[in-house]
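The shown structure was predicted, so the numbers you read here are calculated from the model rather than taken from an experiment.
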Amino acid sequence: MNKTKNTGPLVSIIIPCYNYEKYIEKCIQSALDQTYEIIEVIVVDNGSTDDSLKKINTFSHDKRVKIIKLDKNLFPGSQIESAFGIGFKKSSGEYISILYADDWYLPTKIEKQVDLFDRSYSSVGVIYCHGYRYFEETKELIKWKRQEVRGYIFKEYLLNGDVVIPISPLVKRYCYEIIGLNNLWTGSEYDFLLMSQYVDFDFVDDNLVVMREHRGNDAKNIYSVYQRVKSFHTEALLTGDAKSRAGRLVARRVAMDYLAYGLNFMTRLDMKYAKVAIFDAIRLYPLYIFKPKLLISLFLLFLPLNVAKYFLKNSGKMYLLEKEIHV
């Protein structure tokens, strides 16, 4: 495959944007700079109140770019309809790729994934890749990968946590038709966890995407993300197909996430939220009571706050590792 190729499946790159005027131009340009040329770039301005739409409109001359303006912000997990879902319905691609407005792709991302799809079994519905994390404050760029698994990977999702970097997958269109678009989590990486129940995955062993770490990241608001994840888990994993497919592994995965949030709350000395999250983890998966981190956290929960604060400060919080979840 090469840059001059003008035949092949159409790829729709969908970019939801809310108040990212600082980043949106670089994001869109990275989509347009793909070496795979059969693309459309659908940018959904999600009710921005800054100059995001003005920056987006500078690309209106490019026939590959479709711009959708929403009058109000549809924030993640707030309702059935989503900015991504609206963009999807306006798309025509055989393949779908999501790109967040503060992140960017490297030039060969789509080309390498389409090429692997051409060589893959028809059962493969999602191809992901590795990437980088860019820390805005320090300008540091570090390689980033989660898991490296192929085939039917639903159990890997449940046993070992998330598999894909959120903006890395290229997805066959029908995968979204399988899981539906009218979900609380539509447009988040939770989509890929659900897809793993129904299709095989593969990956390009290369770092092809960049996710920006900055003060305005949505995932920095741990409280809203925690409530969102609880809603997602309750609706998608703890009922229906997932539980019948994987049984106790589902409870283990959900408990693992709740425990991670509980430990995170504890490092913030928010013992009220920590207690709820940790006890939810134990209720769902009682075997976690034997995990050293959980035993230590239970001990800390019942100490006076000033004593717990002293312990955490002097332990360097090293045992309370925060789990990153970008939904």
Item to check | Worked verdict on Ile39 versus Glu37 for side chain to side chain contact (heavy atoms under 4.5 Å, CB included) | outcome: CA-CA 6 Å; Ile39 63 169; Glu37 295 183 331; over 6 Å; no

Checklist entry - Is there a ring pair (Phe, Tyr, Trp, His ring centres under 6.0 Å) between His130 and Phe203 once you walk through the steps? => result CA-CA 8 Å; His130 310 311; Phe203 67 92; 5.6 Å; yes

Next on the checklist: Checking Val229 against Val225 for the side chain to side chain contact (heavy atoms under 4.5 Å, CB included) test, could you report, in this order, the C-alpha distance in whole Å, the side-chain angles of both residues, the deciding distance, and whether it holds?
Outcome noted: CA-CA 6 Å; Val229 169; Val225 175; 4.1 Å; yes

Next on the checklist: Test side chain to side chain contact (heavy atoms under 4.5 Å, CB included) on Leu53 and Ile67; report intermediate values, then the result.
Outcome noted: CA-CA 9 Å; Leu53 184 60; Ile67 299 170; 4.3 Å; yes

Next on the checklist: Thr234 vs Thr239, test: side chain to side chain contact (heavy atoms under 4.5 Å, CB included). Steps then yes/no.
Outcome noted: CA-CA 7 Å; Thr234 299; Thr239 58; 5.8 Å; no

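Using a cut-off of 4.0 Å between Lys/Arg side-chain N and Asp/Glu carboxylate O, Arg212 and Asp103 are scored as not salt-bridged. Checked for salt-bridge contact, Glu137 and Arg215 meet the test: a charged N lies under 4.0 Å from a carboxylate O. Electrostatic pairing of Asp51 and Lys22 does not count as a salt bridge here, judged by no charged N lying under 4.0 Å from a carboxylate O.
Ring pair Tyr226/Tyr258 is perpendicular by interplanar angle, where above 60° counts as perpendicular and below 30° as parallel. Classification of the Phe265-Tyr273 ring pair by plane angle, with boundaries at 30° and 60°, yields tilted. The aromatic rings of Phe279 and Phe302 sit perpendicular, their planes meeting at an angle over 60°, well past the 30° parallel limit. Ring geometry for Trp185 versus Tyr190: interplanar angle of 30 to 60°, hence tilted.
Legend: residues meeting salt bridge (Lys or Arg N to Asp or Glu O under 4.0 Å) with Glu156, ordered by chain and number and at least two apart, are absent. Residues forming a salt bridge (Lys or Arg N to Asp or Glu O under 4.0 Å) with Lys230 (at least two apart in sequence, or on another chain): Asp280. Glu94 pairs by the side-chain contact (heavy atoms from CB on, under 4.5 Å) definition with Pro9, not counting sequence neighbours.
Remark: side-chain polar atoms of Asp50 are paired, donor with acceptor, to backbone N or O of Glu21 under 3.5 angstrom. Side chain of Arg146 to main chain of Val164: a donor-acceptor pair is present (N/O by atom type, distance under 3.5 Å, no hydrogens or angles). Ser52 contributes a side-chain N or O that, together with a main-chain N or O of Tyr20, makes up a donor-acceptor pair within less than 3.5 Å. The main-chain N or O of Glu111 is never found under 3.5 Å from a side-chain atom of Thr108 such that the two would form a donor-acceptor pair. Of the possible donor and acceptor atoms, none in the side chain of Tyr95 sits under 3.5 Å from a partner among the backbone N and O of Arg173. A donor-acceptor pair is defined here as one N or O able to donate and one able to accept, closer than 3.5 Å; such a pair exists between the side chain of Arg64 and the backbone of Leu32. Distance alone, capped at 3.5 Å, places no donor-acceptor pair between the Gln197 side chain and the Ile153 backbone. One N or O on the side chain of Asn19 and one on the backbone of Thr49 form a donor-acceptor pair closer than 3.5 Å. Put simply, the side chain of Asp33 never gets that close to the backbone of Pro107: no donor and acceptor are under 3.5 Å apart.
In plain terms, the two heavy atoms of Pro16 and Ile98 that are nearest each other are CD-CG1, 4.4 Å. For the residue pair Ile42 and Glu40, the shortest heavy atom distance occurs at CD1-OE2, 3.7 Å.
Under the 4.5 Å side-chain heavy-atom criterion for ILVMFWY residues, a single connected hydrophobic cluster contains both Ile127 and Tyr176. If you chain together hydrophobic residues whose side chains sit under 4.5 Å apart, Ile178 and Leu184 fall into the same group. Cluster annotation: Ile289 and Tyr285 are assigned to the same hydrophobic cluster (Ile/Leu/Val/Met/Phe/Trp/Tyr, side-chain heavy-atom contacts under 4.5 Å, transitive). In this structure, Phe154 is a member of the same hydrophobic cluster as Val163, with clusters built from ILVMFWY side-chain heavy atoms closer than 4.5 Å. In this structure, Phe232 is a member of the same hydrophobic cluster as Leu238, with clusters built from ILVMFWY side-chain heavy atoms closer than 4.5 Å.
In this structure, the separation between CD1 on Ile222 and CD on Gln227 is 11.0 Å, given to the nearest 0.5 Å. Atom-to-atom distance recorded for Glu81:CD and Leu181:CG is 10.0 Å, nearest 0.5 angstrom. A distance of 7.5 Å separates CG in Leu263 from CG in Leu294, rounded to the nearest 0.5 Å. Note that the NZ atom of Lys275 and the CE atom of Met266 stand 9.5 Å from one another [nearest 0.5 Å]. Once rounded to the nearest 0.5 Å, the distance linking OH of Tyr134 with CG of Asp102 reads 12.5 Å.
In this structure, the ring of Phe192 has its center no less than 6.0 angstrom from the ring center of Tyr128.
With Ile56 as the partner, the side chain to side chain contact (heavy atoms under 4.5 Å, CB included) test is satisfied by one option alone out of Ile68, Ile15, Asp45, Val44: Asp45. Of the listed residues (Ile38, Ile96, Ile110, Val41), just one forms a side chain to side chain contact (heavy atoms under 4.5 Å, CB included) with Val11, and that residue is Ile110.
Phe299 CZ: 12 or fewer foreign heavy atoms inside a 6.0 Å radius.
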